[in-house]
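Proteins get letters first, then strands, A, B, ... in listed order; numbering begins at 1 in each. Every heavy atom of this structure was used, including side-chain atoms; hydrogens, water molecules and symmetry mates were not.
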Amino acid sequence: MHHWNCKLYIYISEMKQASAFCLNTALRSYLKSGNPSLALNHYLEASHKHGVTPDKFTIPSLLKLFLHLRYPVKRGESLQSFSLKNGFLYDLFIATGLIEFYLKHAASDSAHKLFVEMPKRDVVLFTAMICGLSENGFRKAALDLFFEMKEERIEPTAMTIAAVFSIISQCKNIDLGRMLHGFCLRKGFLNKEDAVLQTSLMDMYGKCGNLVYANNVFDKITERNLVSWNSIINAYVSHGSLYLALKLFQEMIFQGWLRPKTSTFTSILNACGLTTDLLKGRELHAYITKCIDADYTEFDKLVLCNALIDMYFKTGDCDSAQTFFDEMQMKNVVTWTTMISGQGSHGLTRRALETFHRMIASGIKPDRVAFVAILTACNHGGLVKEGRQIFDSMENEFNVSPEMIHYVCMVDLYSRRGLLEEAHILIKDMPFEPSKEIWGALLSCCRSYRNVQLGEYAAKMALELDKFDAGTYVLLSRLYVESGRLEEFSKVRLAMQQLGLRPIRAFSWVEIKNKVYKFTVGERFNESSKEMYEFLESVSLKMEEAGIQRDVSNVGHDFSKREKVGALCGHTEKLALAFAMVKFGSMKNLRIGKNLRVCIDCHEVFKFVSLVYEKEIVLKDPNRYHRFIRGHCTCNDFW
DNA sequence: GTTCTTAAAA
């Protein structure tokens with residue numbers, strides 16, 4: 001391609017005379033060859049030599065070039081005034097190009113201004129505007145525009161609908177999605193072999209949480225490309241069907257005959273990390289190493305390395321993550337952030353702080369995500385002073401304005417240490433209105449420290465922001481129960497029921513030899529149930545003999561002490577542990593996961609089992625990893 | 001000649 005362009009260049013530069021038409025054609029072919037700076041240089045040289053000025057066919061190509069060369073907004077603006085002077089600003093091709101250029105630079109105002117000035121608008125212009133608006137986060141405006149099209153009687157094309165599906169998958173409006181699906185069927189848009197629309201439709205269903213529909217669409221795509229596969233894999237991952245996602249990845253290679261690329265690998269490494277399956281992770285690592293060739297850019301490789309570090313942390317192999325990190329030549333802010341959050345999630349708080357300071361020393365400026373990572377790490381370690389210092393440095397030293405999420409970290413940091421008043425003061429002093437997550441963080445710790453008064457207030461504020469958040473009711477009711485306020489407890493439960501809200505059901509899983517076993521509360525349907533409960537009882541007995549206190553505050557009030565301990569045996573993480581111990585007692589390492597925070601009593605039991613049965617157990621909850629070795633946990637009993 | 005789908009870290 002490049003070679004051919006050289007010939008074209010020689011041809012044009014040797015011409016005695018060249019028309020604007022001729023140069024435009026040359027410019028477009030350069031554009032296709034993917035070397036924008038060369039294209040621009042050659043064009044400028046030739047147009048200068050032949051004394052040719054850009055005409056209305058040149059501008060769109062120039063805009064494309066400027067976009068590729070990451071030229072600033074100003075360059076687009078000068079092309080706009082040039083077009084205005086020459087009387088072709090309202091040409092649809094030029095306006096579309098300008099609007100695309102502006103929206104890629106987040107200059108939505110300039111784009112919008114031009115858009116409303118246009119005397120005539122067509123479907124392409126609308127589509128470009130819809131796309132750009134949604135990329136800039138103006139989903140509502142983009143959807144409004146789509147309906148405005150209808151009023152102006154402009155028919156959407158498959159491209160328009162694909163863009164709208166992408167918006168729908170962000171705002172999760174599945175009803176609108178189904179409606180448009182019907183529209184596509186009526187128009188025959190889905191009969192074409194073009195995979196783009198089908199993929200965007202499938203992606204929409206996946207993102208809206210309907211895996212069945214996503215699958216149906218996927219089955220009908222005839223020409224599946226990398227994006228289609230990636231999309232369906234991500235749908236399985238977000239649904240939690242991790243091993244099926246890994247299976248799809250293999251199908252893609254062996255049945256789809258496609259060579260995976262960086263984005264596929266990052267999705268699949270993410271899936272692998274979520275399974276906490278280290279063996280699978282190592283296998284993937286080896287495979288990826290084999291696949292990397294000259295087609296991969298340096299940036300691709302960096303992205304892959306970052307995803308690999310993340311995978312090693314998530315599968316519990318902190319040493320491999322560290323070694324791999326140390327050996328990396330090129331590191332960006334994501335590399336460091338991945339490292340910090342990985343160390344944080346495994347309770348290596350001091351190491352995370354070290355990494356954070358090494359990052360700064362190496363000349364990389366922390367961004368908003370890096371701050372979330374380090375503040376979260378401080379949370380897990382309960383390092384209030386260090387966390388506060390870093391929080392203050394955000395604005396003062398690094399010019400990063402704290403956002404809601406950083407405040408959530410700080411409120412959490414204070415409250416977890418029982419500094420509830422300090423947390424409350426911070427909330428009062430916030431420069432914007434606190435979100436329900438802020439109140440939720442405070443409420444959750446009011447529960448741990450049994451501060452009914454502040455807890456009630458936090459719950460009230462959270463419910464004002466979202467009356468239908470089941471989590472708030474659950475936390476408040478637990479606060480009441482654990483503080484002995486049974487009447488209030490019943491009231492909250494009743495209020496919940498009347499709103500038709502149900503608490504999230506707890507479940508745990510254990511993954512042994514490539515199979516996942518899932519457990520829900522008090523489950524007794526399993527063939528091994530009897531042995532499992534016997535095991536848990538014997539552990540209880542041994543703990544009693546060892547004089548270990550059980551934390552029963554979690555259980556309902558109208559039980560005897562013995563019954564309470566019995567009820568605790570129904571906790572899902574204990575069931576997963578018991579199952580693994582009964583069925584696979586010889587395994588030295590166990591990996592268990594839970595969808596909610598681990599309870600105090602279960603944590604004690606895990607520690608005890610790791611000591612008495614000489615096991616190493618990794619327990620993953622939604623926030624972090626616990627690693628139990630010889631009666632201790634890496635979280636130091638603070639989580 | 002202009003518009004479209006997926007995408008690493010919290």
Side-chain angles (χ1 to χ4, degrees), chain A residues 21 24-25 27-28 31-32 56-61 63-64 91-101 103 122-132 134-135 156-167 169 189 194-204 206-207 217 221 224-235 261-270 273 299-311 313-314 332-342 344-345 367-377 379 403 405-406 408-409 622-624:
Chain A
F21 171 79
N24 289 341
T25 313
L27 186 57
R28 272 198 302 278
L31 247 173
K32 276 192 198 148
K56 70 173 189 176
F57 296 99
T58 325
I59 308 296
S61 301
L63 281 164
K64 270 257 141 50
D91 176 274
L92 279 168
F93 288 90
I94 291 177
T96 305
L98 278 167
I99 279 175
E100 192 197 2
F101 182 86
L103 287 166
D122 69 350
V123 60
V124 181
L125 186 72
F126 263 102
T127 306
M129 192 71 191
I130 289 171
C131 247
S134 87
E135 269 169 25
T157 63
M159 284 188 182
T160 322
I161 304 290
V164 176
F165 279 144
S166 156
I167 302 170
S169 49
F189 284 167
D194 163 39
V196 172
L197 182 63
Q198 288 165 313
T199 300
S200 69
L201 173 65
M202 173 193 76
D203 191 60
M204 182 275 293
K207 291 241 167 71
V217 179
I221 304 180
R224 294 169 186 161
N225 58 25
L226 268 182
V227 179
S228 326
W229 282 97
N230 225 358
S231 223
I232 191 73
I233 288 174
N234 284 330
K261 285 212 294 210
T262 309
S263 51
T264 324
F265 285 137
T266 51
S267 306
I268 212 67
L269 282 170
N270 179 32
F299 186 70
D300 280 327
K301 289 181 207 162
L302 181 60
V303 168
L304 282 176
C305 289
N306 293 346
L308 279 166
I309 294 181
D310 185 52
M311 179 277 291
F313 274 121
K314 286 188 173 152
N332 67 357
V333 68
V334 178
T335 321
W336 290 94
T337 306
T338 309
M339 205 59 200
I340 293 165
S341 71
S345 68
D367 63 2
R368 49 185 294 279
V369 186
F371 280 111
V372 174
I374 188 64
L375 290 176
T376 310
N379 270 352
E403 294 166 35
I405 186 152
H406 302 106
V408 174
C409 288
N623 298 320
R624 62 171 299 147

| Across the strands shown, which category fits A/T96 at heavy-atom distances under 4.0 angstrom: base, sugar-phosphate, nothing? | base

| field | Contact summary for A/S228 and A/I221, nearest pair of heavy atoms | value | CB-CD1, 4.4 Å

| said: For chain A and DNA chain B, what are the first and last nucleotides along the strand, 5' to 3', with at least one atom under 4.0 angstrom from a heavy atom of the protein chain? | reply: B/dG1 to B/dA10

| said: Does A/K301, at its NZ atom, have more than 12 non-hydrogen atoms belonging to other residues, nucleotides or ligands within less than 6.0 Å? | reply: yes

| field | Beyond-backbone contact of A/R28 with A/T25, side-chain heavy atoms, under 4.5 angstrom | value | yes

| Touch class at under 4.0 angstrom, heavy-atom based, for A/N234 against every strand present | sugar-phosphate

| query | What is the nucleic acid contact for A/K301, judged by heavy atoms within less than 4.0 Å: base, sugar-phosphate only, or nothing? | reply | nothing

| message | Quiz question: by atom type and distance under 3.5 Å, do the side chains of A/D310 and A/T338 form a donor-acceptor pair? | response | no

| request: List in chain and number order the residues that pass side-chain hydrogen bond (donor to acceptor under 3.5 Å, both in side chains) with A/S341, two or more places apart in sequence or in another chain; answer none if no residue qualifies. | output: none

| task | Just call it for A/T127: base, sugar-phosphate, or nothing, with non-hydrogen atoms closer than 4.0 Å on any strand. | result | base

| message | Once you apply a heavy-atom cut-off of 4.0 Å, does A/K64 come out as touching a base, just sugar-phosphate, or nothing? | response | sugar-phosphate

| Taking only residues two or more places apart in sequence, or in another chain, which ones meet A/A158 in a side chain to side chain contact (heavy atoms under 4.5 Å, CB included)? | A/F189, A/L197

| said: What's A/T199 touching, base or sugar-phosphate or nothing? Going by heavy atoms closer than 4.0 Å. | reply: base

